[in-house]
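When a residue number appears, it is its place in the shown sequence, counting from 1.
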Amino acid sequence: IRTITSWCAEQLTPEDRSYLHTFSPLLEFPLDEGRTVVCYHGSPRSFDDVVAATTPDAVVKQMLASSAATVMVGGHTHIQMIRRYEDAYLVNVGSVGLPGVNAGSPELPSNQHVRWAEYGVLSSETGRLSIDLRRTPLDMSAVLKAGTASGMPHVEWWIQKWENN
């Protein structure tokens, strides 16, 4: 996997790298009525934290101690989730590239037969909060063809992630 990560990094131009350096590890946006949304990768404290449906509240409390919001949106596990925690909603929108295959947390169960990209839509209007997790079908033939043509190392391993799901 490190070989693939290195290969991916080598595909970036200097302009791509400069653009990526503008990213913040934590984003906060206002919603209506004094509510806020905070976005991060693993947790507000660490890129690698795993916030899952089964993570004990005491552990979640440690991960979220530095941040508070009405909606807290993270990723890392590639598994869609909406979870209530105290007065907040914890959300993971899943993954566009490898949904349900646990790229960030191999100890969590994998979804089987995943053939879609995942995302979420958050809206807040006149006091009404809506969090929608969505999926859209993928053209698997096109996905596998693009991966095979990319020159990525270990492409056979990557293909089996899709074929075995």
Side-chain angles (χ1 to χ4, degrees), residues 1-31 36-52 55 63-83 88-108 110-111 113-124 131-165:
I1 295 176
R2 287 185 180 159
T3 307
I4 295 172
T5 301
S6 294
W7 176 84
C8 289
E10 290 167 7
Q11 307 312 301
L12 300 173
T13 66
E15 293 79 20
D16 295 334
R17 289 175 186 272
S18 292
Y19 175 66
L20 291 174
H21 283 293
T22 68
F23 290 8
S24 173
L26 189 71
L27 299 173
E28 185 170 348
F29 302 99
L31 300 172
T36 56
V37 59
V38 170
C39 303
Y40 46 82
H41 185 80
S43 81
R45 76 171 185 187
S46 171
F47 181 87
D48 292 321
D49 277 344
V50 172
V51 177
T55 306
M63 290 185 221
L64 304 181
S66 65
S67 193
T70 309
V71 181
M72 304 189 75
V73 181
H76 194 50
T77 66
H78 294 208
I79 297 173
Q80 288 186 324
M81 171 192 78
I82 298 177
R83 171 182 170 174
Y89 292 96
L90 306 181
V91 179
N92 186 322
V93 298
S95 173
V96 171
L98 283 174
V101 299
N102 305 316
S105 53
E107 71 279 5
L108 295 174
S110 289
N111 294 334
H113 309 294
V114 175
R115 299 290 186 260
W116 55 77
E118 299 172 333
Y119 64 101
V121 176
L122 169 67
S123 61
S124 180
I131 304 168
D132 298 311
L133 299 181
R134 299 188 181 178
R135 294 175 172 165
T136 189
L138 290 174
D139 177 344
M140 288 312 301
S141 175
V143 169
L144 296 175
K145 183 178 178 181
T148 301
S150 71
M152 177 176 61
H154 309 293
V155 73
E156 300 81 15
W157 171 85
W158 179 83
I159 288 171
Q160 66 87 26
K161 294 280 243 182
W162 290 102
E163 291 178 341
N164 291 336
N165 278 331

For [X] and [Y], indicate whether the former's side chain and the latter's backbone hold a donor-acceptor pair under 3.5 Å.
X: S24; Y: L27; result: no
X: E118; Y: V96; result: no
X: S46; Y: S43; result: no
X: T22; Y: Y19; result: yes
X: Q11; Y: C8; result: no
X: R17; Y: A9; result: yes
X: T148; Y: L144; result: yes
X: R83; Y: A52; result: yes

Taking all atoms of both residues into account, what is the closest heavy-atom pair of [X] and [Y], and its distance?
X: I79; Y: N92; result: O-CG, 3.2 Å
X: L90; Y: L64; result: CD2-CD1, 3.7 Å
X: V38; Y: A68; result: CG2-O, 4.3 Å
X: P153; Y: W7; result: CD-CG, 3.3 Å
X: D48; Y: H76; result: O-NE2, 3.3 Å
X: L26; Y: Y40; result: CD1-CB, 3.9 Å

Starting at [atom1] of [X], measure out to [atom2] of [Y] and round the result to the nearest 0.5 Å.
X: Y119; Y: L133; atom1: OH; atom2: CG; answer: 10.5 Å
X: S67; Y: E28; atom1: OG; atom2: CD; answer: 6.0 Å
X: T136; Y: W116; atom1: OG1; atom2: CH2; answer: 11.5 Å
X: I131; Y: S123; atom1: CD1; atom2: OG; answer: 9.0 Å

Practice prompt. Report the C-alpha separation of V51 and M81 in whole Å, then their side-chain angles, then the decisive distance to 0.1 Å, and conclude whether the side chain to side chain contact (heavy atoms under 4.5 Å, CB included) test is met.
Written response: CA-CA 10 Å; V51 177; M81 171 192 78; 4.2 Å; yes
Worksheet item: With a 4.5 Å limit on heavy-atom distance, are the side chains of R115 and P137 in contact?
Response: no
Worksheet item: So do the side chains of L12 and L20 get within less than 4.5 Å of each other, counting heavy atoms only?
Response: yes
Worksheet item: Counting only heavy atoms not in Y89, do more than 12 fall under 6.0 Å of its OH?
Response: no
Discussion item. As a quick check of understanding, evaluate side chain to side chain contact (heavy atoms under 4.5 Å, CB included) for M63 and T55, giving each step before the final call.
Written reply: CA-CA 11 Å; M63 290 185 221; T55 306; 3.9 Å; yes
Item to complete: Kindly assign one of parallel, tilted or perpendicular to the pair F47 and H41, based on the angle between their ring planes and the thresholds 30° and 60°.
Response: parallel
Discussion item. What verdict does the side chain to side chain contact (heavy atoms under 4.5 Å, CB included) test give for L122 and L31, after you've listed the backbone C-alpha separation in whole Å, the side-chain angles of each residue and the deciding distance to 0.1 Å?
Written reply: CA-CA 10 Å; L122 169 67; L31 300 172; 4.2 Å; yes
Item to complete: Take V155 and M152, measure what side chain to side chain contact (heavy atoms under 4.5 Å, CB included) needs, and give me the verdict at the end.
Response: CA-CA 6 Å; V155 73; M152 177 176 61; 4.1 Å; yes
